[in-house]
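Following: one structure in structure tokens, then a few remarks.
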2 protein chains.
Amino acid sequence: MTATTLHRPTHRDALALLESAFGDGRLVTVFGRCTVEYDGRASSTLGAGDRLVVCKPDGTILVHTDEKRKPVNWQPPGCTHRASVRDGRLRIRSSRTTPDETLDVRFERLDQLTAYEVNDRSDLTLHGSEEDLRQRILEEPALVEEGFEPSATERETTAGPVDIFGEDAAGRPVAVELKRRRVGPSAASQLKRYVDALRTEFADEDVRGVLVAPSVTDRTSELLAENGLGFVSLEPTAEDAAAGKEDGSDRTAEDDSR
Amino acid sequence: MTATTLHRPTHRDALALLESAFGDGRLVTVFGRCTVEYDGRASSTLGAGDRLVVCKPDGTILVHTDEKRKPVNWQPPGCTHRASVRDGRLRIRSSRTTPDETLDVRFERLDQLTAYEVNDRSDLTLHGSEEDLRQRILEEPALVEEGFEPSATERETTAGPVDIFGEDAAGRPVAVELKRRRVGPSAASQLKRYVDALRTEFADEDVRGVLVAPSVTDRTSELLAENGLGFVSLEPTAEDAAAGKEDGSDRTAEDDSR
DNA sequence: TTGTGAATATCGCGT
DNA sequence: ACGCGATGTTCACAA
């Protein structure tokens with residue numbers, strides 16, 4: 001049996017199942033009317049209302065209302081769940097140290113409690129991230145500009161790591177900052193920090209900076225211009241990957257390489 | 001009845017309850033073995049495994065595994081949920097436009113499905129945010145430095161809004177940037193942008209910048225020094241508000257000034 | 001543990 | 001809708 005459910009349980013019966021489920025690594029959902037208090041990095045209180053509470057065996061706890069993608073309260077992985085009954089009411093408390101923080105859920109009414117056994121070995125495979133964008137540029141540096149030659153990724157500077165570092169057609173050092181979506185001023189600012197650091201490092205050379213993103217806001221465009229930084233528009237998704245390959249590289253066989 | 005539950009339902013029975021629940025604004029949880037595909041801002045695939053799926057009436061959908069605080073897949077509020085049965089298997093699809101994106105959950109096995117009626121009017125009250133920090137400084141400007149006089153919050157500049165803007169004891173313009181926790185280089189960079197913008201605006205004055213945060217990283221400290229920016233250590237929570245007042249400043253009367 | 005930046009970030013506020 | 005910055009951000013990765 002992968003799911004054990006109690007309907008409108010007494011708070012004591014709920015406690016028994018909760019302790020059992022916490023003990024053997026099951027995932028638990030509780031639905032009912034409750035209040036929530038949090039104290040730790042900040043502090044919060046939430047009055048009574050109907051919520052879905054999810055307790056994961058890794059120590060995560062989530063309190064969800066009927067709105068929003070974010071839980072109204074939560075605790076990250078690594079916490080310890082404890083259940084108890086005070087004044088005849090179920091209480092779930094989840095806490096951790098470093099930082100010290102505690103979440104307290106007190107139930108006024110219990111509608112349903114379920115403990116699930118979870119078997120999940122699959123990992124998510126995601127495409128269209130900044131990492132994908134980087135791969136595409138390394139395969140086809142001309143996407144940045146004709147003659148660009150990457151020499152390193154995550155190249156360290158005193159201001160932090162540069163996404164792609166290389167040389168332009170004229171042999172000048174180039175720092176490339178990648179963003180997978182439309183960017184605001186902070187991205188331009190970040191690139192400028194890297195370029196400034198590289199200008200100190202390459203005191204006698206003309207260091208350039210290029211921002212690669214789908215687009216930039218107006219203010220960001222001004223910021224780039226003010227600081228002599230370049231911009232190249234590029235989408236993170238390789239919609240025309242096949243066309244690009246035909247166009248740019250002639251890899252026809254030997255799929256077994258590497 | 002606030003909770004309607006089906007245990008190990010047929011996929012057709014599940015479909016009927018889902019359509020009913022989507023229709024009248026109930027929150028739904030489904031537990032079972034499923035695969036998930038996402039396509040939109042990025043794209044992802046997830047092989048078969050046991051997961052808890054939560055569909056909210058505001059269009060949010062969450063797919064949770066037994067680990068982590070983040071759902072393994074999701075869709076934000078504003079989406080449209082649709083359920084169907086293909087090849088005898090339940091499928092839940094949630095999609096939206098702007099941006100165009102779709103989440104597809106296909107069930108191989110259904111363990112449990114529940115529809116909840118949710119009543120929740122309570123709002124979260126949170127303390128210890130940056131907003132709290134700002135209030136404290138406006139009440140006690142000397143926390144920034146003796147003689148500081150705030151004149152505006154969210155003061156607009158061509159580089160964006162400055163948290164607190166005012167004058168120091170010598171009448172010089174001061175931009176104060178607030179952070180509720182230990183900060184990295186980007187905060188110093190952000191403050192520098194504001195100060196640069198203000199230096200253009202107040203061309204004939206000596207504009208200063210002060211970062212207020214619990215602490216800064218080493219590299220950030222250097223960045224601040226390089227750019228002549230100040231730093232004041234301050235916690236977002238007013239734990240020792242009383243003690244701090246006795247200790248740090250000699251403000252004995254006239255709390256009503258401001 | 002700390003530092004650093006990405007994220008399908010989400011969210012709220014303003015224009 | 002876009003722009004902008006905070007978030008109890010979470011998360012992975014590196015030093």
Side-chain angles (χ1 to χ4, degrees), chain A residues 38-44 60 67-78 96 98-103 124 126-134 154 156-157 159-163 177-187 190 193-194 215-221 236-237, chain B residues 36-44 60 63 67-79 96-103 124 126-134 154 156-157 159-163 177-187 190 193-194 215-220 236-237:
Chain A
Y38 161 75
D39 196 65
R41 286 166 290 175
S43 65
S44 72
T60 302
E67 288 184 331
K68 305 288 152 149
R69 191 250 182 208
K70 276 184 63 175
V72 64
N73 275 117
W74 72 91
Q75 203 70 285
R96 66 166 178 169
T98 16
D100 238 292
E101 51 183 1
T102 301
L103 187 73
L124 186 78
L126 179 70
H127 301 283
S129 63
E130 186 180 299
E131 174 61 22
D132 285 288
L133 182 55
R134 182 169 71 173
E154 303 299 323
E156 278 303 332
T157 72
V162 175
D163 285 335
E177 175 66 25
L178 306 177
K179 296 294 171 186
R180 65 176 304 283
R181 61 173 199 172
R182 184 172 177 84
V183 297
S186 65
Q190 187 182 345
R193 289 204 311 272
Y194 297 153
S215 60
V216 297
T217 66
D218 288 352
R219 200 176 266 169
T220 307
S221 184
T237 50
Chain B
V36 188
E37 288 199 37
Y38 161 75
D39 195 66
R41 288 166 289 177
S43 66
S44 71
T60 303
V63 181
E67 288 184 333
K68 301 290 151 121
R69 190 245 183 216
K70 275 184 63 174
V72 64
N73 275 117
W74 71 90
Q75 202 72 283
C79 294
R96 65 166 177 168
T97 53
T98 355
D100 238 292
E101 52 183 0
T102 301
L103 188 72
L124 187 77
L126 179 69
H127 301 283
S129 63
E130 186 182 299
E131 173 62 22
D132 285 284
L133 181 55
R134 181 170 70 174
E154 303 300 322
E156 278 302 331
T157 72
V162 175
D163 286 334
E177 173 67 23
L178 307 176
K179 296 292 172 187
R180 66 176 302 285
R181 59 175 197 172
R182 184 174 177 84
V183 297
S186 65
Q190 187 182 346
R193 278 191 281 128
Y194 297 153
S215 60
V216 298
T217 64
D218 289 351
R219 201 178 266 169
T220 307
T237 51

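All chains are named by letter (A, B, ...) in the order of the sequence lines, taking the proteins before the strands, and each is independently numbered beginning at 1.
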Practice item. Check every strand shown and say whether A/A187 touches a base, only sugar-phosphate, or nothing at a heavy-atom separation below 4.0 Å. Key: nothing
**Study point:** Boundaries of the DNA chain D segment in contact with chain B, non-hydrogen, under 4.0 Å
**Key:** D/dA1 to D/dA12
Check your understanding: Which part of the nucleic acid, if any, lies within contact of A/S43, taking any heavy atom under 4.0 Å across all strands shown: a base, the sugar-phosphate backbone alone, or nothing?
Key -> nothing
Review point. Just checking, is any N or O donor in the side chain of B/Y194 or B/E177 under 3.5 Å from an acceptor N or O on the other one?
Key: no
Check your understanding: Under 4.0 Å: is that the gap between some side-chain N or O of B/W74 and OP1 or OP2 of C/dT10?
Key -> yes
Exercise for review: Spell out yes or no: do the side chain of B/D39 and the base of C/dT8 have one donor N/O and one acceptor N/O closer than 3.5 Å?
Suggested key: no
Exercise for review: Under 4.0 Å between any heavy atoms, over every strand shown, what does A/Q75 touch: base, sugar-phosphate, or nothing? Just pick one.
Suggested key: base
Practice item. Would you classify B/E156 as touching base, sugar-phosphate or nothing, given that sugar-phosphate means primed atoms plus P, OP1 and OP2, and contacts are heavy atoms under 4.0 Å? Key: nothing
Review point. Checking all strands, does B/S129 fall into the base, sugar-phosphate, or nothing category for heavy-atom contacts under 4.0 angstrom?
Key: sugar-phosphate
**Study point:** Whole angstrom value for the distance that separates P of C/dG3 from CD of A/E154
**Key:** 19 Å
Check your understanding: If we ignore angles and hydrogens, is there a donor and acceptor under 3.5 Å between the side chains of A/D132 and A/S129?
Key -> yes
Check the interface with nucleotides 12-15 of chain C: list each N/O to N/O pair with the protein under 3.5 Å, or write none.
| residue | atom | partner | partner atom | Å |
| --- | --- | --- | --- | --- |
| C/dG12 | OP2 | A/K68 | NZ | 2.7 |

Check your understanding: Rounded to the nearest 0.5 Å, what separation is found between the CG atom of B/D163 and the CD atom of B/E154?
Key -> 5.5 Å
Review point. Under 4.5 Å between any side-chain heavy atoms of A/T217 and A/R182, yes or no?
Key: yes
Point to revise | Between C/dT4 and C/dT8 - P atom distance, rounded Å | key: 23 Å
